[in-house]
Number of protein chains: 2
Amino acid sequence: MSKKGTRRHASGGPTMADLAQLAGVSKITVSRALGDSPLVNPETRERIQALACEHGYKLNISARNLRLRRSHTVAVIVEMKPSTDRTMFDPYPLVLLGGISQELTAAGYSVLLTTRQGASAAAVQAADGLILLGQGAHQDAVRRFDKLNLPMVVWGAQSASDTHVVVGSDNRLGGAVVARHFIALGRRRPVFIGNPSHPEIFERLNGFIDALAVRGIKPLLMRRDEFTMDSGMDAVRSLNERKVGFDAIFACNDLLAMGAIRATLDLGRSVPADVSVVGYDDMPLGASFLPPLSSVRQDWQEGGMLLARKVLALIEGEPASSESLPVSLILRST
Amino acid sequence: MSKKGTRRHASGGPTMADLAQLAGVSKITVSRALGDSPLVNPETRERIQALACEHGYKLNISARNLRLRRSHTVAVIVEMKPSTDRTMFDPYPLVLLGGISQELTAAGYSVLLTTRQGASAAAVQAADGLILLGQGAHQDAVRRFDKLNLPMVVWGAQSASDTHVVVGSDNRLGGAVVARHFIALGRRRPVFIGNPSHPEIFERLNGFIDALAVRGIKPLLMRRDEFTMDSGMDAVRSLNERKVGFDAIFACNDLLAMGAIRATLDLGRSVPADVSVVGYDDMPLGASFLPPLSSVRQDWQEGGMLLARKVLALIEGEPASSESLPVSLILRST
DNA sequence: CGGTATCAAGATACCGATAACATTTGATGC
DNA sequence: GCATCAAATGTTATCGGTATCTTGATACCG
């Protein structure tokens with residue numbers, strides 16, 4: 001019905017060719033005009049821009065990506081098991097994502113969200129860069145994505161053998177800070193609750209141990225795999241049953257800490273008079289807990305932004321190095 | 001140096017044309033072979049696939065998207081304010097995302113994550129469909145994205161004026177279920193704590209009010225804007241100061257409920273003997289709370305999956321209608 | 001006035017994949 | 001032996017932009 005040049009395509013709006021015909025110029029001039037290139041006459045440019053606006057022109061991103069050979073997209077691969085696992089129910093990964101998203105968006109990039117399973121799903125290859133999240137995302141996963149040969153940045157704990165860029169909060173420091181706090185309080189029998197098979201937790205434990213060693217103190221490790229209050233309560237009860245003495249608890253997560261506090265109180269001991277407790281993550285909830293919980297805070301948002309900045313740097317061909325974010329000890333009543 | 005046909009491109013691997021030359025066939029045959037088309041000889045297919053694998057061939061997604069005029073991508077637009085806002089720190093939106101991601105991935109689609117600000121960032125237009133998340137995402141936002149003319153599905157509360165597909169959990173039912181529970185317990189002076197300016201909360205309140213009205217009961221509304229324990233405690237204290245009697249509390253969020261319980265206990269009243277309390281969301285934490293919290297549970301994961309299925313249907317040109325997800329009342333000790 | 005900058009716009013050639021149509025080849029049928 | 005058909009592969013055009021190289025017109029200079 002309508003002529004070739006003015007027809008609308010199935011997927012919707014007019015193309016540059018259509019606009020070109022409407023304006024009586026060539027495609028390339030339209031391209032330049034819309035790109036604010038100085039190569040077009042300002043008058044022509046405005047005329048074309050007005051026309052584009054009027055006809056609801058939308059740039060075809062796929063076409064541009066093909067020609068420019070870059071997608072302005074960064075794939076974020078998240079460990080998301082649909083189980084009662086930590087990652088999924090913790091609010092923090094979301095904050096991390098928020099930081100990433102904010103920074104990438106500001107730079108004109110988009111975020112392609114992928115779970116590990118779906119990571120093969122084609123689209124990832126089209127990304128200009130890769131961000132790997134999730135504590136499980138190590139070695140095996142890293143190698144898998146290394147093959148894609150894309151600029152890649154990983155969130156997590158660093159290890160000497162890493163060939164890629166790793167950003168993470170300084171878990172070792174987190175452990176050390178708590179240790180020094182306990183030392184200052186004169187505590188002699190500290191306990192660590194958590195699962196050191198996660199690299200991050202392992203680092204916290206190491207920082208804790210090393211800083212305590214300065215005073216010749218050796219902490220007791222209560223390994224617990226779940227990051228729940230129940231698990232924390234269980235750990236303390238178990239200590240009691242085994243008649244192990246303790247005067248300080250460092251839990252690698254706030255929920256564990258709260259559980260530990262409750263169990264400790266149940267045993268008739270006072271927090272913090274008899275036992276000092278420090279958690280990790282500084283959940284908003286912790287401040288309202290009774291007694292208000294002391295905790296180690298990491299700046300997840302900043303972490304996300306840093307991750308984003310690193311990939312962007314790599315994409316631009318600039319160098320980028322691994323980096324640890326500082327943490328801070330928030331002292332409340334425990 | 002190397003010949004035209006066998007050269008590697010800047011962005012990396014070989015193209016179909018390269019493979020074609022290596023195999024001594026034409027591009028299209030390669031395309032068919034890699035797509036497992038029945039139009040190629042099985043032998044040829046395997047030979048080409050082996051070749052592709054050996055040379056690390058990667059499909060150029062942009063090119064395919066351009067040609068096929070679809071990106072196999074759905075944009076998810078999330079309200080993500082970098083403030084102490086609810087959305088960002090609640091774990092649930094993440095679960096929603098998980099459900100979406102899982103379902104889309106299974107269908108061979110990718111998820112393009114965008115914040116509302118960045119939603120103009122080009123790439124969204126390339127998506128085949130749109131999912132809008134976040135309680136603030138209404139009317140204004142919806143209209144804005146409507147212009148893109150893409151299949152769109154919104155998470156949230158339905159309203160009669162909606163022209164688009166809305167999926168959400170049945171908040172009205174959630175309120176009604178709690179009301180009926182209170183009635184069964186013989187409660188006469190129920191209180192609702194929450195902020196009804198959020199459409200979802202408004203629905204919960206309405207369901208609550210209507211179901212109570214059957215017995216001629218009118219609940220008291222304690223409007224509180226923050227979704228924190230402190231806010232819940234404050235609400236109950238304020239009730240006490242104003243000498244308002246109450247024997248049941250429906251808090252529109254578990255944290256509010258926990259705060260309310262604590263304040264109630266502080267006043268020397270018993271839960272649940274004197275006052276029944278029900279929260280919303282059924283946080284894992286609620287089960288470990290003392291006393292274990294009763295709560296209304298929504299299946300966020302399922303919600304995400306449903307959202308995904310609806311957009312996919314729309315993308316395929318099939319019809320899709322708004323839908324509410326059932327909720328369940330989890331009774332514990334309160 | 002010839003010659004060179006400078007500016008605006010066009011022509012052409014891709015980017016890498018795939019759909020639609022065309023061709024070759026060998027097998028089968030009568 | 002020739003027509004017919006199916007299988008396997010090839011040709012060509014196209015998706016919608018943009019880089020590169022040209023061209024044409026005007027201005028400027030000595």
Side-chain angles (χ1 to χ4, degrees), chain A residues 4-48 51-52 55-72 122-123 125-126 128, chain B residues 4-49 52 55-72 122-123 125-126 128:
Chain A
K4 195 177 168 193
T6 56
R7 82 175 182 296
R8 297 290 141 106
H9 294 88
S11 58
T15 73
M16 276 195 177
D18 297 333
L19 280 188
Q21 195 170 53
L22 284 169
V25 298
S26 68
K27 287 200 301 177
I28 188 66
T29 301
V30 174
S31 174
R32 287 172 180 145
L34 297 180
D36 281 328
S37 157
L39 291 175
V40 285
N41 186 316
E43 277 177 34
T44 315
R45 177 195 315 162
E46 286 186 20
R47 187 163 56 90
I48 294 179
L51 213 56
H55 289 259
Y57 169 76
K58 287 183 214 88
L59 184 72
N60 183 319
I61 307 294
S62 298
R64 168 198 250 161
N65 287 348
L66 173 57
R67 181 67 237 235
L68 298 183
R69 292 167 152 180
R70 59 190 314 197
S71 59
H72 284 275
Q125 312 173 352
D128 293 336
Chain B
K4 197 177 165 193
T6 55
R7 84 177 179 298
R8 298 290 139 104
H9 295 90
S11 58
T15 73
M16 277 196 177
D18 297 334
L19 280 187
Q21 197 171 49
L22 284 169
V25 299
S26 68
K27 288 199 299 177
I28 190 68
T29 301
V30 175
S31 174
R32 285 173 182 143
L34 296 180
D36 280 328
S37 158
L39 290 175
V40 285
N41 186 317
E43 277 176 36
T44 315
R45 179 196 313 161
E46 286 186 21
R47 188 163 55 91
I48 294 179
Q49 288 185 348
H55 290 260
Y57 170 76
K58 287 182 213 91
L59 183 70
N60 184 320
I61 307 293
S62 299
R64 168 199 247 159
N65 287 348
L66 172 58
R67 181 67 238 240
L68 297 182
R69 290 168 151 178
R70 57 190 315 197
S71 58
H72 284 276
Q125 312 173 353
D128 293 337

Seminar exercise, completed: CG (B:Asp18) and OH (B:Tyr57) are apart, to the nearest 0.5 Å, by 9.5 Å
Exercise. Picking from C:dA8, D:dA13, D:dA8, which would you name as closest to the side chain of B:Arg67?
Worked result: D:dA13
Exercise. Of A:Leu66 and A:Leu39, whose nearest nucleotide on DNA chain D comes first from the 5' end?
Worked result: A:Leu66
For this session: Measure the spacing between CG of A:Leu22 and CZ of A:Arg47 and express it to the nearest 0.5 Å.
Result: 10.5 Å
For this session: Spell out, as yes or no, whether a donor-acceptor pair under 3.5 Å connects the side chain of B:Asp128 to the backbone of B:Arg70.
Result: no
For this session: Return no unless some side-chain N or O of B:Thr29 is found under 4.0 Å from OP1 or OP2 of D:dG10.
Result: yes
Exercise. For A:Thr15 and D:dG16, is the shortest distance between a side-chain N/O and OP1 or OP2 below 4.0 Å?
Worked result: no
Exercise. What integer distance in Å separates A:Arg64:CZ from C:dC14:C1'?
Worked result: 17 Å
Exercise. Is B:Ser31 near enough to C:dA17 that one of its side-chain N or O atoms lies under 4.0 angstrom from OP1 or OP2?
Worked result: no
Exercise. Quick one: B:Asn65 CG to D:dG17 C1', roughly how many Å, whole number?
Worked result: 14 Å
Exercise. Could you give the CZ-to-P distance, from A:Arg69 to D:dA19, as a whole number of Å?
Worked result: 12 Å
Exercise. Counting any heavy atom closer than 4.0 Å, what does A:Ile61 reach on the DNA or RNA strands: base, sugar-phosphate only, or nothing?
Worked result: nothing
Exercise. What is the distance, rounded to the nearest whole Å, between atom CG of B:Asn60 and atom P of D:dG17?
Worked result: 17 Å
For this session: Looking only at side-chain atoms of B:Val40, point me to the closest of D:dA13, C:dG10, D:dT9.
Result: D:dT9
Problem set entry | Bend angle of the helix from C:dC1-D:dG30 to C:dC30-D:dG1, from helix axes over five pairs at each end, nearest 10° | 50°
Problem set entry | Presence of B:Thr44 side-chain N/O under 4.0 Å of D:dT9 phosphate oxygens OP1/OP2 | yes
Problem set entry | Nucleotide of D:dA8, C:dA17, C:dA19 approaching B:Pro42 most closely (side-chain heavy atoms) | D:dA8
For this session: Write down the distance between CG (B:Leu34) and C1' (C:dA19), rounded to a whole number of angstrom.
Result: 17 Å
Problem set entry | Expected output: side-chain A:Arg64 to main-chain A:Leu59 donor-acceptor under 3.5 Å | no
Exercise. Short question: side chain of A:Asn65, backbone of B:Ser62 - any donor-acceptor pair under 3.5 Å?
Worked result: no
Problem set entry | Separation of atom CG in A:Leu19 from atom C1' in C:dA9, rounded to whole Å | 17 Å
Seminar exercise, completed: B:Met16 CE to C:dA19 C1', in whole Å, measures 13 Å
Problem set entry | Residue-phosphate contact under 4.0 Å: B:Arg70 side-chain N/O, D:dC15 OP1/OP2 | no
Exercise. D:dA7 C1' sits how many Å from B:Arg45 CZ, rounded?
Worked result: 13 Å
For this session: Working to the nearest 0.5 Å, report the span between NZ of B:Lys27 and CD of B:Gln21.
Result: 12.5 Å
Exercise. If the sugar-phosphate is the primed atoms plus P, OP1 and OP2 and the base is the rest, what is the B/S/- string for nucleotides 20-27 of chain C, using protein heavy atoms under 4.0 Å?
Worked result: BB------
Seminar exercise, completed: residues 28-37 of chain A vs side-chain hydrogen bond (donor to acceptor under 3.5 Å, both in side chains), sequence neighbours excluded, gives A:Ser26-A:Thr29, A:Asp36-A:Gln49
Problem set entry | Point-to-point distance, once rounded to the nearest 0.5 Å, from CG of B:Asn41 to CD of B:Glu46 | 9.5 Å
Problem set entry | Point-to-point distance, once rounded to the nearest 0.5 Å, from CG of A:Leu66 to CD1 of B:Ile61 | 11.5 Å
For this session: Enter the distance from A:Ile48:CD1 to A:Met16:CE here, rounded to the nearest 0.5 Å.
Result: 9.5 Å
Problem set entry | Short side-chain N/O contact from B:Tyr57 to OP1 or OP2 of C:dA17, under 4.0 Å | yes
Exercise. Is there a donor on the side chain of A:Lys27 or the base of C:dG10 sitting less than 3.5 Å from an acceptor on the other?
Worked result: no
